[in-house]
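Remarks on the structure that follows.
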There are 2 protein chains.
Amino acid sequence: MTVAITRFQAKISGYSGDGPGLENCPVRTVIDHIGGKWSTLILLALSEKPYRFGELRRLVPDISQRMLTQTLRDLERDGYALRTVFPTKPPSVEYRLTELGQSLFAALCGLLDWAEANYLAVKEARRSFDERNA
Amino acid sequence: MTVAITRFQAKISGYSGDGPGLENCPVRTVIDHIGGKWSTLILLALSEKPYRFGELRRLVPDISQRMLTQTLRDLERDGYALRTVFPTKPPSVEYRLTELGQSLFAALCGLLDWAEANYLAVKEARRSFDERNA
DNA sequence: CAGGATCCCAAACGATACTG
DNA sequence: CAGTATCGTTTGGGATCCTG
């Protein structure tokens, strides 16, 4: 698979040495930030339609408000989400995906589909591994 | 986008409530484990061809030997990688992707390509955000 | 309603030393 | 060579209280 060799060299190895190259690795730049516990979930929620803060809390009941705030800030900072404040009383804040966020979501869909199709195999592999190493 | 609504409801919401449903969420089961700092990198390396422990260390110079061991164990446990010990002296151990690992890698490729194509936009978004909130 | 501030814990990660 | 063991640090994340 010469293709894959090229892929790896291009995507990783060139940035793995010493010096300031690490921050310029595309894979790390992007993956590191969607690896959080909640990022993909919120991204997935917002891919549906814009939501307000409280609505997101209800959609993902087991997220703390602290982490919801922080996850939304991160998504905003990376250019994936747009935050709009409506100066009503009490205030209301809407979050929606940007074009960049929508395109990231589209790229993520393949992985989400894979997860849905194969997670049982993964769970079984874990069970089997744990049994062998008991 | 009714499609996305369906996707979200199916993939997340049903598992987000109370009870033991969370461990059965496909998205979390898979994403949580490839969200580590090194998993995708090692997966990417092994997608090229089988490697030995020391070769992987050299390919990803900034990984500690402790984390390389642990990442490889996790990949093995999830059924993505196969570990083969050759009882030579000194011993030599080869890691290669399983079918499951290769199919996960294929599903991941879309995201890796996206990262490569868009990471400059992400970096710029971050810079701009940090400037606005200085 | 949508957070900010603070405290605290657990997990992830890194560095170093040692071994079959 | 390919690990294991131990330690210390750093980060991620949860709980709680407070506010415009």
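Chain letters run A, B, ... following the sequence lines, proteins first, then strands; residues in each count from 1.
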Inset, instruction - State whether A:Tyr119 and A:Lys123 meet the cation-pi test: NZ (Lys) or CZ (Arg) under 6.0 Å from the six-membered ring centroid, and within 45° of the perpendicular axis. - result: no

Inset, instruction - Taking heavy atoms of chain A and a 4.0 Å limit, find me the 5'-most and 3'-most nucleotide of DNA chain C within that range. - result: C:dC1 to C:dT6

Inset, instruction - Could I get the full list of side-chain contact (heavy atoms from CB on, under 4.5 Å) partners for A:Ser64, not counting sequence neighbours? - result: A:Arg66, A:Met67

Legend entry - With sequence neighbours excluded, residues passing side-chain contact (heavy atoms from CB on, under 4.5 Å) with A:Glu99: none

Inset, instruction - Name the nucleic acid region contacted by A:Arg73, choosing base, sugar-phosphate or nothing; use a 4.0 angstrom heavy-atom cut-off, strictly under. - result: sugar-phosphate

Inset, instruction - Return the value, rounded to whole Å, for the distance between atom CG of B:Leu72 and atom C1' of D:dC1. - result: 14 Å

Legend entry - Electrostatic pair B:Arg58-B:Glu55, nearest N-O below 4.0 angstrom: no

Inset, instruction - Measure the distance from CD1 on B:Ile63 to P on D:dG3 and round it to the nearest whole Å. - result: 13 Å

Legend entry - Polar side chain donor-acceptor pair, B:Thr69 to B:Arg73, under 3.5 angstrom: no

Legend entry - Spacing of B:Leu46 atom CG and B:Glu48 atom CD [to the nearest 0.5 Å]: 9.0 Å

Inset, instruction - Indicate yes or no: does B:Lys37 engage A:Asp32 in a salt bridge with an N to O separation below 4.0 Å. - result: no

Inset, instruction - Using heavy atoms to find the nearest nucleotide of DNA chain D for A:Gly35 and B:Val85 separately, return the residue whose nucleotide is more 5′. - result: B:Val85

Inset, instruction - Would you list the pairs meeting salt bridge (charged side-chain N to carboxylate O under 4.0 Å, His left out) in which at least one residue belongs to residues 83-95 of chain B, sequence neighbours left out? - result: B:Glu94-B:Arg96

Inset, instruction - Quick one: label B:Tyr95 by what it contacts on the DNA or RNA (base, sugar-phosphate, nothing), any heavy atom closer than 4.0 Å. - result: sugar-phosphate

Inset, instruction - Mind grabbing the angle between the end helix axes of the helix from C:dC1-D:dG20 to C:dG20-D:dC1? Five pairs an end, 10° rounding. - result: 50°

Legend entry - Distance in angstrom units between B:Arg83 CZ and D:dC1 P, rounded: 16 Å

Legend entry - Distance test, side-chain N/O of B:Lys37 to OP1/OP2 of D:dT11, below 4.0 Å: no

Inset, instruction - Figure out the OH/P separation between B:Tyr51 and D:dA2, and round it to whole Å. - result: 14 Å

Legend entry - Spacing of B:Arg57 atom CZ relative to D:dG3 atom P, expressed in whole Å: 11 Å

Inset, instruction - With the side chain counted from C-beta on, respond yes when A:Leu104 and A:Ile34 share a heavy-atom pair under 4.5 Å apart, and no when they do not. - result: yes

Inset, instruction - Apply salt bridge (Lys or Arg N to Asp or Glu O under 4.0 Å) to B:Asp62 and A:Arg28, showing your working. - result: CA-CA 13 Å; B:Asp62 53 340; A:Arg28 302 193 197 206; 3.0 Å; yes

Legend entry - Hphob cluster co-occupancy, B:Phe53 + B:Phe86, side-chain heavy atoms under 4.5 angstrom: no

Legend entry - Separation of D:dT4 P from B:Leu68 CG (nearest whole Å): 11 Å

Legend entry - Per-nucleotide protein contact string for nucleotides 15-20 of chain D (B base, S sugar-phosphate only, - none; heavy atom under 4.0 Å): BBB--B

